[in-house]
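Throughout, residue positions are numbered sequentially from 1 according to the sequence presented.
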Amino acid sequence: MGSFPGGGAPRHGAAERRGFRRRVLRRRLVGALAVLVGALLLAGSAAAALDAAAAARDVRAFRSAVPCREGHTPRTPDAARRPCLYEVAATVAAGGSGPYALGLDAPPPVPRELRMPREAAPLLGDLRAGDRVTVLMWGGYATAVVHDGVSRRSAHSPVGNPELAAAYALVLLAFGACTLAAGGLLAVRARDLAYEGLPRPLVRLGRTACWAAAAALPAAWTGSRTAGPWAAVAAWLLLVGVIVVVLRLQEARAARRRLLLGW
């Protein structure tokens with residue numbers, strides 16, 4: 001199984017043997033560290049996946065929310081369990097941090113600054129400091145602004161959060177799984193790798209991890225336009241399958257080229 005005669009270290013003197021043992025030890029230490037980092041990344045991926053599931057429940061609750069009944073305030077126990085839509089009067093404040101940031105002067109939980117989408121530009125252009133507006137709240141989110149009967153949704157809502165959390169979980173999963181596998185390979189094959197150098201499987205794992213992490217962004221976009229985080233995961237798995245096949249085909253083509261060139 002060894003890469004040397006008799007399966008042991010190269011017999012070129014005590015200095016060479018000590019150098020070989022040091023290389024083996026370094027690779028085992030690096031492998032153990034990579035296994036630890038990979039496990040932490042996978043734990044982070046699991047936590048992000050739980051956040052995505054919780055955010056998906058928030059989106060479903062938000063989309064089915066109804067106006068609060070009279071006497072039903074956001075601080076009542078019933079509202080804490082089942083948030084409803086309620087209105088808060090606010091005053092436009094000067095000094096937003098950007099062209100689509102609306103400064104507000106209102107009691108909590110209305111934010112001091114509310115991000116608005118580009119579609120709200122006409123409303124923002126009509127507002128001046130001191131104007132009175134109505135903010136439509138759901139839970140801790142300021143979901144819309146109403147002025148003179150014109151209502152515009154804000155960018156402050158749970159919609160979109162599940163897909164972002166799912167993308168984060170997938171990025172951590174890609175790097176965590178590949179780091180864990182690479183660390184295991186380094187730890188188990190430390191003696192062989194001390195002689196052979198960096199093996200092709202490690203290079204393949206690194207390339208796969210980077211491309212799989214990049215695939216999380218289009219997968220999250222797909223989920224936001226379809227069925228949410230579970231659609232994002234399905235799209236990501238499909239993309240990762242395509243990535244693995246393409247990388248294998250590239251490796252096979254490179255191997256044929258080396259064979260033809262006699263490398």
Would a 4.5 Å heavy-atom cut-off, applied to side chains only, mark [X] and [Y] as touching?
X: Leu41; Y: Val37; value: yes
X: Leu239; Y: Pro218; value: yes
X: Met116; Y: Arg152; value: yes
X: Leu42; Y: Leu172; value: no

Working for side chain to side chain contact (heavy atoms under 4.5 Å, CB included), residues Asp105 and Arg112: CA-CA 6 Å; Asp105 183 9; Arg112 303 288 294 178; 3.7 Å; yes
Audit row: Val150, Val146, side chain to side chain contact (heavy atoms under 4.5 Å, CB included) steps and yes/no: CA-CA 5 Å; Val150 178; Val146 183; over 6 Å; no
Nonpolar side-chain network containing Ile243, other nodes, edges under 4.5 Å: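 Besides Ile243, the hydrophobic cluster comprises Trp211, Leu247, listed by chain and residue number.
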Test item: Ser45 side-chain N/O and Ala169 main-chain N/O as donor-acceptor pair under 3.5 Å: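 Checking the backbone N and O of Ala169 against the side chain of Ser45, a donor-acceptor pair under 3.5 Å is found.
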Heavy-atom donor-acceptor pair, Thr179 side chain to Gly176 backbone, under 3.5 Å: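 No: the side chain of Thr179 does not pair with the backbone of Gly176.
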Atom pairs and distances, side-chain donor-acceptor, residues 129-136, under 3.5 Å, sequence neighbours left out:
from   : atom 1 : to     : atom 2 : distance (Å)
Asp131 : OD2    : Arg128 : N      : 2.7
Arg132 : NH1    : Thr91  : OG1    : 2.5

Joint hydrophobic cluster, Leu180 plus Val240, side-chain heavy atoms closer than 4.5 Å: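 Yes; Val240 is reachable from Leu180 via cluster members.
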Shared hydrophobic cluster, Met137 / Leu104 (ILVMFWY, side-chain heavy atoms < 4.5 Å):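 In one cluster with Met137: Leu104, yes.
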Over 12 foreign heavy atoms within 6.0 Å of CD, Glu87: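 Incorrect, the count does not exceed 12.
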Presence of salt bridge, Glu251 and Arg253, under 4.0 angstrom: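 So Arg253 does not pair with Glu251 through a salt bridge.
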Heavy-atom closest pair, residues Gly183 and Val35: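 Smallest interatomic distance, heavy atoms only, reads C-CG2, 3.6 Å.
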Mutual orientation of the aromatic rings belonging to Trp138 and Phe62 [parallel < 30°, tilted 30-60°, perpendicular > 60°]: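 It falls in the perpendicular class, over 60°.
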Spacing of CG belonging to Leu102 relative to CG belonging to Leu123, to within rounding of 0.5 Å: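 Nearest 0.5 Å value for the CG-CG distance: 7.5 Å.
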Criterion side chain to side chain contact (heavy atoms under 4.5 Å, CB included) on His156 and Thr143, from CA distance to verdict: CA-CA 6 Å; His156 192 224; Thr143 63; over 6 Å; no
Selection residues 222-260 - residue pairs positive for ring-ring contact (aromatic ring centres under 6.0 Å, His included), sequence neighbours left out: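 Residue pairs with at least one partner in residues 222-260: there are none.
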